[in-house]
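A quick write-up on the structure given underneath.
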Amino acid sequence: MYTNFEKYDIILIILQKLKGLITIPELPEVENVKRSLENKVIGKTIVGCSVINEKLIKKPTVQEFAKDITGLKITYLYRRGKYLVFTMDFSYELVVHLGMTGLLIHVNNINEIPQKYSKHLHVLIQLDGNTLLCYCDIRKFGSLRLLRQINPYEAIAKMGPEPWEIGVRKSFKTRLSAKKWTNKTIKEAIMNQEVIAGVGNIYASEALYASRIDPNRLVNKITDVERELILTNIQDILQKSIDLGGTSISDYLNGEGKKGQFQNYLKIYGKKKCECGADLKTVEIKGRNTFYCQNCQK
DNA sequence: CCTCAAGACCGGCTGC
DNA sequence: TGCAGCCGGTCTTGA
């Protein structure tokens, strides 16, 4: 089926099967969506909008969303954490979150949407030049918000630093030192978007494994050196995944059937055994499945 | 007013 | 074949 992708402008590839688990769009995947999409949509004017499933439109009302977005020109596209933000004329912003199974795809015709997603098409945005920006979502965990720039989206306003922004080390450590985290586990803390942007369940597990730190440890027991190490590993792992994710999308477009290379570098998430040979443990932290090695992570 | 844990939201998939 | 339960990012709810 991958050969079919050759003629499609696939913007996001998700649902890579991994021992019963799935990869969901976290920072690296959303970054690749942004890079793939920006050249296609910047400068385009929205000439129409159809909302098939109203549940995904969070702001404003569905009727207002479709009416207000029509006629706006997309001037810029950026990523903030796991959110995609389309900057528009007249100080509007379209804020999109892909949830777990969101797909943003730019096509000439809705028939080009992969079959798997076509029955989960929820929002159709017509661009000038007769192309379509489609939002599909199997589990409907995603969201679209059309906002005025003067009223920033709260989740983004209070979001922690981007992993590579200037001052991230200081900001990360300051936020991690907040009273609310002292008796929480380190994994829960780094998964929270207010501590650092873009880290989800998979990358939290991987970064803590790379840091040799037990995800169950409480934040107030994590030394300053260890906090630095965690941030460094978050940066390295996310960057590597961004780079590999780009390769993956390119492979799909080329119809080579490759599933991307990032999963080949996973050390812990979804695994049964550690590289050291020990059986991995799983524990539920904040309702999320957490993998770690009792031998390597202390 | 605040914090915060738990529940809700979903449907493809697995396993019994 | 049927169906309960798993999975998880974010928002909502209620204590």
Side-chain angles (χ1 to χ4, degrees), chain A residues 1 12-31 33 52-62 79-85 95-104 113-123 135-145 147 152-160 175 177-185 187-208 215 218-220 234 238 241 263 266 268-272 280 282-292:
Chain A
M1 72 180 276
L12 174 60
I13 295 97
I14 52 173
L15 289 171
Q16 294 172 334
K17 291 278 293 175
L18 191 70
K19 295 190 174 178
L21 302 169
I22 57 170
T23 50
I24 54 91
E26 298 185 33
L27 187 151
E29 289 75 22
V30 180
E31 175 66 21
V33 175
I52 295 105
N53 187 327
E54 306 187 355
K55 280 204 170 79
L56 285 285
I57 306 293
K58 307 297 183 184
K59 285 278 168 61
T61 68
V62 174
R79 179 195 55 73
R80 180 74 173 97
K82 303 173 190 174
Y83 289 90
L84 270 178
V85 182
V95 180
V96 179
H97 195 290
L98 299 172
M100 296 183 63
T101 52
L103 170 75
L104 260 182
I113 299 171
Q115 190 176 14
K116 182 171 199 165
Y117 297 95
S118 61
K119 56 185 172 185
H120 303 287
L121 171 62
H122 304 306
V123 181
Y135 183 78
C136 307
D137 197 331
I138 296 170
R139 293 193 199 176
K140 304 187 181 75
F141 273 32
S143 59
L144 292 87
R145 291 173 172 85
L147 307 171
Y153 181 41
E154 192 186 8
I156 289 182
K158 64 185 185 184
M159 190 177 286
R175 287 164 180 261
S177 298
K179 197 177 279 183
K180 71 177 288 191
W181 298 116
T182 53
N183 286 314
K184 298 284 169 47
T185 66
K187 179 175 182 259
E188 178 180 348
I190 63 174
M191 279 180 62
N192 187 288
Q193 301 303 295
E194 295 179 36
V195 174
I196 185 150
V199 176
N201 197 31
I202 297 170
Y203 295 109
S205 296
E206 294 294 321
L208 290 173
L218 301 183
V219 170
N220 62 2
I234 288 172
L238 292 180
S241 180
Q263 70 271 25
L266 286 177
I268 196 103
Y269 184 83
K271 304 286 185 187
K272 293 270 189 271
L280 293 180
T282 59
V283 64
E284 188 178 300
I285 294 179
K286 197 75 160 99
R288 300 296 175 250
N289 214 358
T290 303
F291 295 82
Y292 69 105

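Chain A is the first sequence line, chain B the second, and so forth, proteins listed ahead of strands; every chain is numbered from 1. Reckoned from all heavy atoms, side chains included, excluding hydrogens, waters and symmetry mates.
- The nearest whole Å value for the distance from the CG atom in A:Asn192 to the C1' atom in C:dG8 is 15 Å.
- Rounded to whole Å, atom P of B:dC4 lies 10 Å from atom NZ of A:Lys179.
- Take the nearest nucleotide of DNA chain C for A:Glu284 and for A:Ser143: the residue whose nucleotide is more 5' is A:Glu284.
- Comparing C:dG9, B:dC4, B:dG12 by their nearest atom to the side chain of A:Lys184 picks out B:dC4.
- Nucleotide B:dG11 holds its P atom 15 Å from the CG atom of A:Leu121, rounded to whole Å.
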Check nucleotides 13-15 of chain C against the protein and report each pair of N or O atoms closer than 3.5 Å, with its distance, or say if there are none.
none

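- Using a 3.5 Å distance cut-off with no hydrogens or angles, the side chains of A:Asn192 and A:Lys184 do not pair a donor with an acceptor.
- Remark: side-chain polar atoms of A:Thr101 are paired, donor with acceptor, to backbone N or O of A:Arg139 under 3.5 angstrom.
- In this structure, the NE2 atom of A:His97 is 7 Å from the C1' atom of C:dT10, given to the nearest Å.
- Remark: the backbone N or O of A:Ile285 is not paired with any side-chain donor or acceptor of A:Glu188 at under 3.5 angstrom.
- Panel note: side chain A:Gln193, backbone A:Gly81; no donor-acceptor pair is recorded below 3.5 Å.
- Shown are A:Leu147, A:Leu144, A:Val95; of these, the side-chain contact (heavy atoms from CB on, under 4.5 Å) with A:Lys59 is made only by A:Leu147.
- Here the side chain of A:Glu188 is nearest to one of B:dA5, C:dG8, C:dT10, namely B:dA5.
- Atom CG of A:Asp137 is separated from atom P of C:dC7 by 20 Å (rounded to the nearest Å).
- Within the nucleic acid shown, A:Lys58 has no heavy atom closer than 4.0 Å to any nucleic acid atom.
- In this structure, the side chain of A:Asn201 engages the main chain of A:Asn289 through a donor-acceptor pair within 3.5 Å.
- Contact annotation: A:Lys180 side-chain N/O to B:dC2 OP1/OP2 distance is not under 4.0 Å.
- Regarding contacts with the backbone of B:dG11, every side-chain N or O of A:Tyr117 stays at 4.0 angstrom or more from both OP1 and OP2.
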Dump every N/O contact between nucleotides 8-10 of chain B and the protein below 3.5 Å, one line per pair.
{"unit_1": "B:dC10", "atom_1": "O4'", "unit_2": "A:Arg139", "atom_2": "O", "d": "3.3"}

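- Each of A:Lys286 and A:Lys119 lies near DNA chain B, and the nucleotide nearest A:Lys286 is the one positioned closer to the 5' end.
- Note: A:His122 and A:Tyr135 have tilted aromatic rings, judged against thresholds of 30 and 60 degrees for the angle between ring planes.
- Atom CE of A:Met191 is separated from atom P of C:dC7 by 13 Å (rounded to the nearest Å).
- Look at OH on A:Tyr269: it is 8 Å from C1' on C:dG8, rounded to the nearest Å.
- In terms of modelled atom types and a separation under 3.5 Å, the side chain of A:Arg80 and the main chain of A:Met159 share a donor-acceptor contact.
- Between the CH2 atom of A:Trp181 and the P atom of B:dT3 there is a distance of 12 Å, given to the nearest Å.
- Side-chain contact check for A:Ser241 and A:Tyr203: at least one donor-acceptor pair (N or O, by modelled atom type) lies under 3.5 Å.
- If you check the side chains of A:Arg145 and A:Ser143, you find a donor sitting under 3.5 Å from an acceptor.
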